[in-house]
Each structure stands twice: as C-alpha cells, then as structure tokens.
Amino acid sequence: MLERLNEIEAAALEALESVKDDEALQAWRVAHVGRSAPIKMVYKEFGKLSKEERPAVGKRANEVKVALEAALTERAEAIKTAELARSLEEDHLDVTLPGRPVRHGGIHPATQTLRRILTILADMGFQVYTSREVESDEYNFQHLNFPVGHPAREMQDSFYVEGGKEDNPLLMRTHTSPGQIRAMREFAAESPENPPSIRISLPGMCYRYEQITSRSEIQFNQVEGLAVGENITFSDLKGTLNDFARRMFGQHARTRFRAQHFPFTEPSAEMDVECFLCEGEGCSVCKKSGWLEILGCGMVHPNVLQAGGYDPRRYTGFAFGMGPERQAMLRHNIKDIRYFWGNDARFLEQF
Ligand code: DAH
C-alpha cells in the first residue's frame, strides 16, 4: 500500500508538470485531488488494512494529500505569474518605460495682458463690471451718441444676430463702451435722485465684421474704464492714465495725449506711451516715431451721462478704452494679430 501511495504521488506530480493553464489545472484537480482521485480511493480502502499497517499508511496518505494540495497551489501561482508575463509581453506594455510628458495648459497671452490691466486698475480703485456680448443697436450705438446713420458707425461694422427689432437690431458688441450705459443705469437705479459715483473697468470680447488681416481681427478684447462723479475733470483723466501707464509700462514711462474724436466723449483724446522697445529712439514697432498709441479716452459726453441716468449739469466723468491684444503685440513684438485666435500651440506655448 505504501508503494501505491508513492506511485500515486509520483504520477500526480508528473502530470502536474505539463499543466500550463487554468483549464488544465482544473482537470488535474478533479483527477488527482477530487472525490474519485486515486488518493481518495486509498482512504476508502483503509478499512481493509490490518491494524499494524494502518498507522504507517495513514500517515503516508496524509503526507501525499498535503503534498498534492501544496503542489496545486504552487502551480496555480506559477500559472498566474506566467499569464501576467505573457500579457506584458504580448500587449507590449513595458511598465518600466518613463511616462509620456503631460502638456501643461497656460493662460492665453491676451488674457494675461487683460488680467494685468484689470489688476492695475483694481489697485487704482476700478472695480470690474462685466456686461453682455450680444447688444442692441440702442446700447451699442444710439445711447453712445452714434445716431442712426452717423458716419462713425462705419468704423465699427457689425455682426447682426437674429431676434432684434427692425429699429433696434441685435448685434455682437463692437466695443465695451455699451457697458458704460448698462452700468450707469444700474447704479442710478439704486438712488435715481442721487446716483452714486462710479469707478469701474469693463473687460471683454468685442466683434467687428472686418477683413481679417495681420492687423485686424473679427474678435478682440477691450478693457474700458469709467469714472463718474461730481467735479471730475480732464486733469483727473490725465493723472489717472499717466499713473496707469507707469504701473503698466514702468516707472519712467512717458506719455502724450493727442486730440481725437469719439462720439461718446467730448473732448476726446488718444494716449501714446514712449516706445518701450527703443525708448523713444524710433524702431520698426513704433514706426520710427518713438511713440505707441495705447488707448482712446475723453470726458463722458453729456448725452451719454443723460442716457445713463446721470444729470450732466451735476455730474461729469471720464472714460477710456484699450486693447489687450495690441498691448501684448507691442510688448512681445508679435507681428500678426491672427496668431491670437489661430489656436496654434507653438505660438501659445511661448507665453
Ligand atoms: N470704444 C472705442 C473703440 O472701440 C474705444 C474708446 C475710446 C473707449 C474712447 C472709450 C473712450 O471709453 O473714451 O474704438
């Protein structure tokens, strides 16, 4: 009987050698440790043994059973490991390879400049007021003193959108200035008899129906500034914008104001800063003039104050408007405005 146990063990272990997958392993389990496996037969025949034989055979039979079960567990582990190795090999997944670099996003150069402008204005007491991008003709033009048919509208060809009225069509705002009217009306509504003074910045995207060239786009950002109160003068406008220029372009930035015309301000001006690339010497960016045009500004026109609910006999104010893309172009010497919305990562990654 002991001899038979040795044979059972040897046969089972030998058969296990050729077991290479789960399916074969299950078959082996049934055949060699299952209910009708040879080792189980030995247990059944135990009763037939003589009293003397029983202890030795019993001990040996247990050893074989434990050995076979241990061999089964070991083989199961080996199959699992082999399976993993095979899938690593076949799926060509090398877990030791370094990962692919993740591309980090960044803040768009126009947004960077926009935020810088807003931060400086905020330090100077101008609170951000956001206004809508779809505007009515009334707000975008009429309340800003561009009557229907006014020639200045020519400079701001518009994208019209559906849903407006015949005498007041809807359009994509061509500048941030209509936000002036919306803000004044909202502030004035707080106390119509005694409207509070205002100091706000109005940032946002504007749209014009233009030929796209290296110098003009159909969409661009603007930042508008508006201050309204009693006794605000043109000196306040100049002082504020000179201070802004020094914070934006450096402590020694020189400025000059040139007369201009805008329907919604009177008088109106444009502010230039001394070219920060050549320091006034004259270069290709400032077109040899030594000056860069930065913004439009002026004293808020009485009609505009009136439209906003502020009595022009009591209140005055100043306003200004500038383009972050233009400033970013000047600062970084970007020659073509189309890069801004071209979505080319090679351009955007440089900022
Ligand atoms: N809205 C003008 C434009 O888009 C820019 C501008 C000029 C805004 C003078 C102002 C201003 O507030 O006072 O061309």
Side-chain angles (χ1 to χ4, degrees), residues 110 114 117-118 121 124 126 128-133 135 137-146 150-159 171-184 198-210 215-229 232-242 244-245 255-273 292-305 307-308 310 312 315-327 337:
L114 179 95
I117 295 169
L118 292 180
L121 289 175
M124 296 170 69
F126 289 80
V128 173
Y129 183 98
T130 47
S131 186
R132 59 190 72 186
E133 289 185 16
E135 266 299 359
D137 184 277
E138 201 179 8
Y139 277 86
N140 195 80
F141 292 122
Q142 294 170 40
H143 290 322
L144 291 168
N145 211 24
F146 291 82
H150 191 287
R153 288 183 176 218
E154 285 283 298
M155 284 157 49
Q156 304 194 5
D157 276 344
S158 315
F159 286 111
L171 44 83
M172 303 304 290
R173 67 177 172 195
T174 59
H175 50 174
T176 44
S177 306
Q180 290 189 25
I181 305 289
R182 297 213 174 260
M184 279 193 272
I198 298 177
R199 219 189 300 171
I200 52 168
S201 61
L202 300 135
M205 194 65 82
C206 305
Y207 305 85
R208 289 187 198 174
Y209 184 52
E210 294 202 24
R215 294 168 61 87
S216 67
E217 253 290 2
I218 58 172
Q219 66 171 88
F220 52 88
N221 285 283
Q222 280 193 346
V223 178
E224 187 100 2
L226 175 69
V228 178
I232 291 183
T233 66
F234 199 85
S235 315
D236 295 316
L237 163 71
K238 282 185 79 175
T240 302
L241 291 178
N242 279 333
F244 170 79
T255 57
R256 72 177 184 190
F257 289 78
R258 281 178 292 102
Q260 232 325 334
H261 175 264
F262 300 106
F264 37 88
T265 43
E266 180 60 37
S268 305
E270 266 175 354
M271 184 179 82
D272 299 341
V273 292
L292 300 168
E293 178 208 317
I294 293 297
L295 52 79
C297 57
M299 299 305 289
V300 182
H301 195 286
N303 293 352
V304 174
L305 287 169
Y310 281 73
Y315 292 91
T316 53
F318 65 79
F320 54 90
M322 63 185 99
E325 285 87 346
R326 177 170 160 75
Q327 288 185 19
I337 198 170

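As the structure lists them, so they are numbered: ligands from 1, and atoms in each ligand from 1. Residue numbers count from 1 along this sequence.
Between Thr174 and ligand 1, no pair of N/O atoms sits closer than 3.5 Å. Here's the thing with Phe264: none of its N/O atoms is less than 3.5 angstrom from an N/O atom of ligand 1.
Of all the atoms in ligand 1, the ones that sit under 4.0 Å from a non-hydrogen atom of Gln222 are 3 (C), 4 (O). Which parts of ligand 1 touch Gly298 is read off a 4.0 Å heavy-atom cut-off, strictly below it: atoms 13 (O). The contact set between ligand 1 and Thr265, taken as ligand atoms under 4.0 Å from a residue heavy atom, comprises 13 (O). The ligand atoms of ligand 1 that sit less than 4.0 angstrom from a heavy atom of Gly296 are 7 (C), 9 (C), 11 (C). The ligand atoms of ligand 1 that sit less than 4.0 angstrom from a heavy atom of Ser177 are 1 (N), 8 (C).
Under the 30°/60° scheme for interplanar angles, the aromatic rings of Phe146 and His150 are found to stand perpendicular. Aromatic ring pairs are classed by plane angle as parallel below 30°, tilted from 30° to 60° and perpendicular above 60°; the pair His175 and Phe141 is tilted.
For the atom pair OG1 of Thr316 and CG of Leu237, the computed distance is 11.0 Å after rounding to the nearest 0.5 Å.
When all heavy atoms of Pro178 and Tyr139 are compared, the pair lying nearest together is CB-O, 3.3 Å. Between Thr174 and Ser158, the shortest heavy-atom contact is CG2-OG, 3.5 Å. Nearest heavy atom pair, residue Met299 against residue Thr233, reads CE-C, 3.6 Å.
Contact annotation for Ala319 and ligand 1: heavy atoms of both the backbone and the side chain come within less than 4.0 Å of the ligand. For His301, no heavy-atom contact with ligand 1 is shorter than 4.0 Å.
Taking the ring centre of Phe220 as origin, the terminal cationic atom of Arg208 falls outside the region bounded by 6.0 Å and 45° from the ring axis.
Of all the listed residues (Met322, Glu224, Arg208), Arg208 holds the heavy atom that lies closest to atom 3 (C) of ligand 1.
Ligand 1 lies less than 4.0 angstrom from a heavy atom belonging to Gln180.
Atom CZ of Arg256 has more than 12 heavy atoms from other residues, nucleotides or ligands within 6.0 Å.
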